[in-house]
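In what follows, a single structure is set out as structure tokens and then discussed.
First listed ligand is number 1; within each ligand, the first listed atom is number 1. When reading the values below, keep in mind they use all heavy atoms of this one structure, side chains included, and skip hydrogens, waters and symmetry mates. None of these values were measured; they are calculated from a predicted model.
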Amino acid sequence: MAQKIDGKAVSAQIKDELKEKVRELKAAGKEITLAVIQVGEDPASTVYVNNKKKACEYVGIRSLAYELPEDTPEAELLALIEELNARKDVNGILVQLPLPPQIDENKVIKSISPVKDVDGFHPWNVGALCIGEPGFLPCTPAGIIQLLKRSGIAIEGRECVVVGRSNIVGKPMSILLLRENGTVTVAHSRTKDLKAVTKRADILVVAVGKPRMITRDYVKEGAAVIDVGVHRMENNKLCGDVDYEDVEPVCGAITPVPGGVGPMTIAMLMHNCVESLHLQEN
Ligand code: GUN
């Protein structure tokens with residue numbers, strides 16, 4: 001039977017480590033504050049934002065919630081970010097994506113001060129990631145690296161295949177795996193003979209946004225399979241981009257959905273909030 005990679009347990013471990021660090025920082029008179037902005041009422045976004053607020057509470061980080069209406073003009077959001085950029089008592093700023101169509105997502109990402117960009121989406125942080133300089137790492141890919149390391153899955157020298165090339169997951173994931181000395185291939189919707197490519201993987205990371213697309217014929221026997229997808233099925237249960245029941249008997253290790261990558265994203269957001277103090281020192 002495959003090793004179940006337990007994101008819930010690993011994220012709990014990381015949050016407990018951070019809770020202790022935050023306690024020490026508080027004793028030294030340093031408090032951490034995260035501003036969380038949601039525009040509109042997308043139900044999935046509301047769930048994610050609430051989970052982020054809950055994690056802040058657990059770890060001991062102060063969270064400021066900004067819930068703006070769906071029709072908020074772009075200028076209003078940019079003005080709020082400018083105000084939060086200037087506030088000395090705000091360490092992290094997170095704008096939940098996606099944003100409504102009247103707001104330019106890239107413009108918003110670029111307006112956040114790079115030293116408060118705890119999502120790691122600002123071009124400065126993306127550039128720092130590429131050349132290995134200090135900066136915020138994007139939470140989902142950074143969480144996957146932690147999940148692999150803390151589950152005893154080696155990356156160095158191994159064949160890593162990332163399926164998907166988004167700015168939030170696929171691209172930064174490939175760079176982080178490279179940084180860990182993996183041999184990295186990025187596959188995507190235009191890849192010819194995708195199965196032949198994914199079957200090479202010792203570590204297969206899937207972030208395609210298609211429910212249960214990856215079946216056992218995409219997976220090498222014994223591979224570690226990381227599923228970034230989250231989809232709600234007709235029966236109201238969640239599933240990933242990987243067909244878990246089909247793949248589990250042939251792979252060596254696999255993340256469940258829910259309870260795999262999802263909780264790690266939030267744990268790494270908390271990590272970035274703590275890290276922000278170092279980046280804001282100079
Ligand atoms: N929407 C989906 N994933 C994310 C994330 O990691 N951060 C933000 N801000 N929005 C998201």
Side-chain angles (χ1 to χ4, degrees), residues 7 11 14-15 34-56 61 63-68 70 72 74 77-78 80-81 84-85 90-101 103-114 116-126 129 135-147 162 164-173 175-176 205-210 226-232 238 240-241 255 257-258 260-273 275-276:
S11 72
I14 291 174
K15 281 189 288 184
L34 171 67
V36 181
I37 305 171
Q38 184 181 357
V39 185
E41 287 165 18
D42 172 60
S45 288
T46 302
V47 171
Y48 295 140
V49 164
N50 283 338
N51 287 340
K52 289 170 187 182
K53 288 182 205 159
K54 265 192 245 164
C56 280
I61 292 171
S63 71
L64 306 175
Y66 295 88
E67 283 146 25
L68 308 182
E70 181 79 24
T72 301
E74 183 183 89
L77 176 60
L78 293 174
L80 171 61
I81 293 169
L84 295 167
N85 280 340
V90 172
N91 306 96
I93 303 169
L94 182 146
V95 181
Q96 187 63 29
L97 305 178
L99 289 166
I103 301 178
D104 180 345
E105 231 161 66
N106 284 329
K107 206 164 159 185
V108 169
I109 288 169
K110 284 186 202 156
S111 76
I112 298 171
S113 163
K116 297 189 178 184
D117 167 40
V118 284
D119 263 324
F121 295 164
H122 191 288
W124 281 31
N125 285 313
V126 179
L129 162 66
F136 290 112
L137 298 180
C139 302
T140 300
I144 291 169
I145 296 290
Q146 282 301 313
L147 199 49
V162 180
R165 54 175 158 178
S166 69
N167 289 340
I168 293 185
V169 184
K171 274 186 225 163
M173 187 72 251
I175 296 163
L176 281 179
V205 181
V206 187
V208 290
K210 292 196 179 143
I226 308 295
D227 188 352
V228 184
V230 191
H231 312 278
R232 196 162 291 280
L238 296 176
D241 291 346
T255 58
V257 177
V261 172
M264 292 302 297
T265 299
I266 295 184
M268 297 318 286
L269 174 67
M270 297 300 105
H271 168 88
N272 281 354
C273 291
E275 190 68 16
S276 73

Minimum side-chain heavy-atom gap K52-L34 below 4.5 Å | no
For a quick test of your reading: what N or O donor-acceptor pairs under 3.5 Å do the side chains of residues 37-44 make, sequence neighbours left out?
from: Q38; atom 1: NE2; to: G40; atom 2: O; distance (Å): 3.4
from: Q38; atom 1: NE2; to: T46; atom 2: OG1; distance (Å): 3.0
from: D42; atom 1: OD2; to: S45; atom 2: N; distance (Å): 3.0
from: D42; atom 1: OD2; to: S45; atom 2: OG; distance (Å): 3.0

Nearest protein heavy atom with distance in Å, relative to atom 1 (N) of ligand 1 = L97 O, 2.9 Å
Starting from atom 7 (N) of ligand 1, locate the nearest protein heavy atom and write down its residue, its atom name and how far away it is, to 0.1 Å.
-> D119 OD1, 3.0 Å
Could you tell me whether M268 approaches ligand 1 through its side chain, its backbone, both or neither, with non-hydrogen atoms closer than 4.0 Å?
-> neither
Mind checking whether F121 has a heavy atom under 4.0 Å from ligand 1?
-> yes
Roughly how far apart are I144 CD1 and T255 OG1, rounded to 0.5 Å?
-> 8.0 Å
Please determine if E275 and K116 form a salt bridge, counting it only when a charged side-chain N lies under 4.0 Å from a carboxylate O.
-> no
Under the 3.5 angstrom rule, does the side chain of D241 hit a backbone N or O of V208 as a donor-acceptor pair?
-> yes
Output the list of atoms in ligand 1 that are nearer than 4.0 Å to some heavy atom of V95, sorted by atom number.
-> 8 (C), 9 (N)
Distance below 4.0 Å between atom 9 (N) of ligand 1 and any protein heavy atom?
-> yes
Strictly under 4.0 Å, does any heavy atom of Q38 approach an atom of ligand 1?
-> no
Passing option when P141 is tested against V261, L176, V205 for side-chain contact (heavy atoms from CB on, under 4.5 Å) | L176
To the nearest 0.1 Å, how far is atom 11 (C) of ligand 1 from its closest protein heavy atom, and which atom is that?
-> Q96 NE2, 3.4 Å
